[in-house]
**Q** 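One structure is given below, represented as structure tokens, and several questions about it will come after.
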Amino acid sequence: MTGATQEDSFTEHYWRDPHAALAGTRETCPVREVDFEGGRTWLVTRYDDVRAGLADERLAKDWRSSLPAEERASAPPGLPAPMSHMLTSLDPPEHTRLRSLVTQAFTARRIATLRPRVESVAEELLAGLPEDEPVDLVARYAIVLPMVVISELLGVPEIDRDEFARLSTVLIDECPEPELERASNQMATYLEGLVAAKRAAPDDALLSALISASDEGDRLSDLEIVAMAMLLLMAGHETTAVFITNSVRALVADDSARERLARPESVPSLIEELLRWLSPALNASLRFATEDLEIGGVTIPRGASVTLSTGAANRDPARFEDPDVLDPDRNTAGHLAFGYGIHRCLGAALVRLEGEVGLAALFNRFPRLRIVADPAELTYRRSVHVHAPRTLPVVLGSRAGG
């Protein structure tokens with residue numbers, strides 16, 4: 001079999017069943033070149049290599065850092081603005097400066113204060129769903145719950161949330177570059193107007209706080225504020241929506257795990273194992289080698305892009321025993337669902353909270369929930385970063401005690 005045929009086979013297998021494809025690669029060729037996102041990248045799949053790579057300063061987020069110094073200033077960004085100014089595309093010191101301005105908004109203690117509101121939103125959404133006819137759980141619940149929460153946290157008007165959800169899906173899924181740029185520009189144009197409106201009439205939401213910090217001398221440009229808002233809106237609901245959707249599929253098939261949702265003390269460990277097992281973000285965003293370096297015994301040349309697969313790492317048998325088994329009693333310490341190092345997911349506490357509340361509210365209210373779609377007929381998002389069905393038709397059934 002030629003290299004091209006092997007690669008084609010891997011890529012098509014990945015779109016159908018990424019965990020199986022990643023497992024095969026981890027076992028046979030743990031550091032290999034593949035064609036992802038329209039370009040060549042080195043895919044890294046073993047736990048130790050992925051964790052080390054996530055903290056390796058020689059793997060930069062801005063591709064221009066891999067260029068000779070004399071070429072960097074004139075090189076264009078690899079992504080359309082403002083995506084090129086997001087935290088996920090920056091390295092220190094720019095990354096350090098911007099992240100420090102939002103870190104306090106996402107501490108575990110502060111996120112915990114949102115629990116009553118998340119519970120209220122979940123109950124409101126569930127109360128509005130039909131119980132005895134098919135309903136798309138993705139469109140009516142998994143996407144809406146985190147979108148409402150992150151929009152309120154940022155201060156985005158309710159009327160605009162559906163459009164943000166549509167645009168963020170385009171920006172995360174694999175799509176032609178013109179479509180990517182068009183969606184980025186549309187979201188940026190709206191947010192520029194919202195920043196101007198918040199500056200004229202500030203409120204107590206996070207976007208106004210970022211504007212205030214900038215006006216008080218922290219030197220955030222309007223472009224940086226827009227980029228931060230775009231990232232938080234996208235990451236603030238996409239990961240949770242994927243996590244809830246895939247968790248529902250897992251829990252419907254596992255009575256023992258699902259029953260833990262009725263015992264509050266058992267929910268956190270279940271959520272951690274679901275995060276490890278599902279890895280809502282299967283692969284970290286691209287990094288670029290700033291020098292020749294070795295990963296897993298393979299030399300990565302300077303300038304090459306590197307994809308660190310957290311999904312493959314979280315199912316590495318060298319790190320987790322029987323990794324393909326969902327076991328809420330296992331020790332999940334060290335899982336990489338939220339990454340590692342300075343780029344670790346800023347919203348980890350929020351994803352955990354929304355997962356706990358969203359899944360417990362759903363199954364405690366509708367313990368007879370069943371999926372009514374043939375698994376073979378589900379269509380999946382074509383994305384390097386996430387794997388989830390586009391729709392999930394379910395029948396909720398009567399309420400508990402009903």
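Quick note: residue numbers are just sequence positions, from 1.
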**Q** State whether Asp48 and Arg46 are salt-bridged, where the test is any N-O pair (Lys NZ or Arg NE/NH1/NH2 against Asp/Glu carboxylate O) under 4.0 Å.
**A**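 No.
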**Q** With rounding to the nearest 0.5 angstrom, report the CD to CG distance, Glu123 to Leu145.
**A** 10.5 Å
**Q** Could you give the distance from CG (Asp17) to NE2 (His13), rounded to the nearest 0.5 Å?
**A**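 One gets 5.0 Å once the value is rounded to the nearest 0.5 Å.
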**Q** With rounding to the nearest 0.5 Å, note down the distance linking CG in Leu308 to CG in Asp56.
**A** 9.0 Å
**Q** Quick check: does any side chain N or O of Ser89 sit under 3.5 Å from a backbone N or O of Asp62, one acting as donor and the other as acceptor?
**A** no
**Q** Quick one: is the NZ or CZ of Arg315 closer than 6.0 Å to the six-membered ring centre of Tyr47, and within 45° of its axis?
**A**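 No.
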**Q** Hey, does Val252 have a side-chain heavy atom less than 4.5 Å from the side chain of Val248?
**A**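 Counting from C-beta outward, Val248 and Val252 do come under 4.5 Å.
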**Q** For Arg109, is the CZ atom crowded, meaning more than 12 foreign heavy atoms sit under 6.0 Å from it?
**A**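 Incorrect, the count does not exceed 12.
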**Q** Would the distance check show the side chain of Ser120 and the main-chain N or O of Pro116 forming a donor-acceptor pair, the cut-off being under 3.5 Å?
**A** no
**Q** Output yes when Arg97 and Glu224 qualify as a salt bridge under the 4.0 Å nitrogen-oxygen rule, no when they do not.
**A**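 Judged by the 4.0 Å cut-off on N to carboxylate O distance, Arg97 and Glu224 do form a salt bridge.
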**Q** Determine yes or no for a side-chain-to-main-chain donor-acceptor pair under 3.5 angstrom, with Asp322 supplying the side chain and Val325 the backbone.
**A** no
**Q** Please determine whether the number of non-hydrogen atoms from other residues, nucleotides or ligands lying under 6.0 Å from atom CD of Glu57 exceeds 12.
**A**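 Atom CD in Glu57 is not crowded, with 12 or fewer foreign heavy atoms closer than 6.0 Å.
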**Q** For the atom pair CG (Leu43) and CG (Asn283), what is the distance rounded to the nearest 0.5 Å?
**A**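 Going from the CG atom of Leu43 to the CG atom of Asn283 covers 6.5 Å.
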**Q** Okay, side chain of Ser383, backbone of His385: is any donor-acceptor separation there less than 3.5 Å?
**A** yes
**Q** Just verifying a value: how many Å separate Leu270 CG and Leu251 CG, rounded to the nearest 0.5 Å?
**A**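 Leu270 atom CG to Leu251 atom CG measures 6.0 Å (nearest 0.5 Å).
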**Q** Evaluate side-chain contact (heavy atoms from CB on, under 4.5 Å) for Leu232 paired with Leu206, printing each intermediate quantity in order.
**A** CA-CA 10 Å; Leu232 294 175; Leu206 180 56; 3.8 Å; yes
**Q** Looking at Tyr380, does the NZ or CZ of Arg16 lie under 6.0 angstrom from its six-membered ring centre and within 45 degrees of the ring axis?
**A** no
**Q** Considering only NZ, NE, NH1 and NH2 on the basic side and carboxylate oxygens on the acidic side, decide whether Glu273 and Arg276 come within less than 4.0 Å.
**A** yes
**Q** When you compare the side chain of Thr391 with that of Pro389, does any pair of heavy atoms fall below 4.5 Å?
**A** no
**Q** Which heavy atom in Leu87 sits nearest to a heavy atom in His95, and how many Å separate them?
**A** O-CD2, 3.4 Å
**Q** Does any N or O in the side chain of Asn364 come within less than 3.5 Å of the main-chain N or O of Ala360, such that one atom is a donor and the other an acceptor?
**A** yes
**Q** Okay, side chain of Trp42, backbone of Ile300: is any donor-acceptor separation there less than 3.5 Å?
**A**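 The answer is no, because no donor-acceptor pair under 3.5 Å joins these two groups.
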**Q** Does the ring centre of His19 sit less than 6.0 Å away from the ring centre of His387?
**A** no
**Q** Exactly one of Val138, Leu137, Thr245, Asp136 should register a side chain to side chain contact (heavy atoms under 4.5 Å, CB included) with Ile143. Which one does?
**A** Val138
**Q** Show the nearest heavy-atom pair for residues Ser309 and Leu282, with the distance to one decimal.
**A**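 Residues Ser309 and Leu282, closest heavy atoms: OG-O, 3.4 Å.
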**Q** Answer whether the closest heavy-atom distance between the side chains of Cys29 and Thr45 falls below 4.5 Å.
**A**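 No - every pair of side-chain heavy atoms lies 4.5 Å or more apart.
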**Q** If you count the non-hydrogen atoms of other residues, nucleotides and ligands that lie under 6.0 Å from CZ in Arg344, is the total more than 12?
**A**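 Above 12, so yes.
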**Q** Compare all side-chain heavy atoms of Leu153 with those of Ile150 and state whether any distance is below 4.5 angstrom.
**A** yes
**Q** When rounded to the nearest 0.5 angstrom, what is the spacing between CG in Leu101 and CZ in Arg99?
**A** 12.0 Å
**Q** Just so I know, are the side chains of Leu126 and Leu396 near enough to count as touching, which here means a heavy-atom distance under 4.5 Å?
**A**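 SC-SC contact between Leu126 and Leu396 ruled out.
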**Q** Can you check whether Val298 reaches Pro30 side chain to side chain, under 4.5 Å on heavy atoms?
**A** no
**Q** Would you say Leu353 and Val149 make side-chain contact, with heavy atoms under 4.5 Å?
**A** no
**Q** Should Asp329 and Arg260 be marked as a salt bridge (Lys or Arg N to Asp or Glu O under 4.0 Å) after you check the CA-CA gap, both sets of side-chain angles, and the distance that decides it?
**A** CA-CA 11 Å; Asp329 291 319; Arg260 290 173 176 255; 2.8 Å; yes
**Q** Look at atom CZ of Phe338 and say whether more than 12 heavy atoms of other residues, nucleotides or ligands are closer to it than 6.0 Å.
**A** yes
**Q** Do you know the tightest heavy-atom contact between Asn314 and Leu336?
**A** OD1-N, 2.8 Å
**Q** Pick out which of Val156, Val148, Leu154 makes a side chain to side chain contact (heavy atoms under 4.5 Å, CB included) with Glu152.
**A** Val148
**Q** Is it true that Arg330 and Glu321 make a salt bridge, defined as a side-chain N closer than 4.0 Å to a carboxylate O?
**A**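 Here Arg330 does not pair with Glu321 in a salt bridge, since their nearest N and O are not under 4.0 Å apart.
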**Q** Ion pair present between Glu33 and Arg40, side-chain N to carboxylate O less than 4.0 angstrom?
**A**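 Yes, this pair counts.
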**Q** Between the side chain of Ser212 and the main-chain N/O of Ser208, is any donor-acceptor distance below 3.5 Å?
**A**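 Checking the backbone N and O of Ser208 against the side chain of Ser212, no donor-acceptor pair under 3.5 Å is found.
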**Q** Please report the C-alpha distance between Val195 and Ile211 in whole Å, then the side-chain angles of each, then the deciding distance to 0.1 Å, and finally whether the side-chain contact (heavy atoms from CB on, under 4.5 Å) criterion is met.
**A** CA-CA 8 Å; Val195 167; Ile211 295 168; 3.9 Å; yes
**Q** Output yes when Asp316 and Arg319 qualify as a salt bridge under the 4.0 Å nitrogen-oxygen rule, no when they do not.
**A**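 Here Asp316 does not pair with Arg319 in a salt bridge, since their nearest N and O are not under 4.0 Å apart.
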**Q** Using a 4.5 Å cut-off on heavy atoms from C-beta on, say whether the side chain of Leu59 contacts that of Thr290.
**A** no
**Q** Are the charged groups of Arg287 and Asp91 less than 4.0 angstrom apart, N to O?
**A** no
**Q** If I compare all heavy atoms of Val395 with all of Glu133, which pair ends up nearest, and what's the gap?
**A** CG2-C, 4.0 Å
**Q** Using a strict threshold of under 4.0 Å (side-chain N to carboxylate O), is an ion pair present between Arg58 and Glu294?
**A** no
**Q** Checking side-chain contact (heavy atoms from CB on, under 4.5 Å) for the pair Met147/Thr240: CA distance, chi angles, key distance, verdict?
**A** CA-CA 9 Å; Met147 176 55 81; Thr240 303; over 6 Å; no
**Q** Taking the side chain from Ser247 and the backbone from Phe243, do they hold a donor-acceptor pair closer than 3.5 Å?
**A** yes
**Q** What's the shortest heavy-atom distance between Val144 and Leu125, and which atoms?
**A** CG1-CD2, 3.7 Å
**Q** Evaluate side-chain contact (heavy atoms from CB on, under 4.5 Å) for Leu114 paired with Leu350, printing each intermediate quantity in order.
**A** CA-CA 9 Å; Leu114 299 177; Leu350 184 58; 4.2 Å; yes
**Q** Test your reading of the model: is there a side-chain donor-acceptor pair from Tyr14 to the backbone of Val384, 3.5 Å cut-off?
**A**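 The answer is yes, because a donor-acceptor pair under 3.5 Å joins these two groups.
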**Q** Taking Arg26 for its side chain and Ala312 for its backbone only, find out whether a donor-acceptor pair lies under 3.5 Å.
**A**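 It does hold such a pair.
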**Q** Tell me the closest heavy-atom pair linking Thr88 and Lys61, and the distance in Å.
**A**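 What the structure gives for the nearest pair is O-NZ, 3.0 Å.
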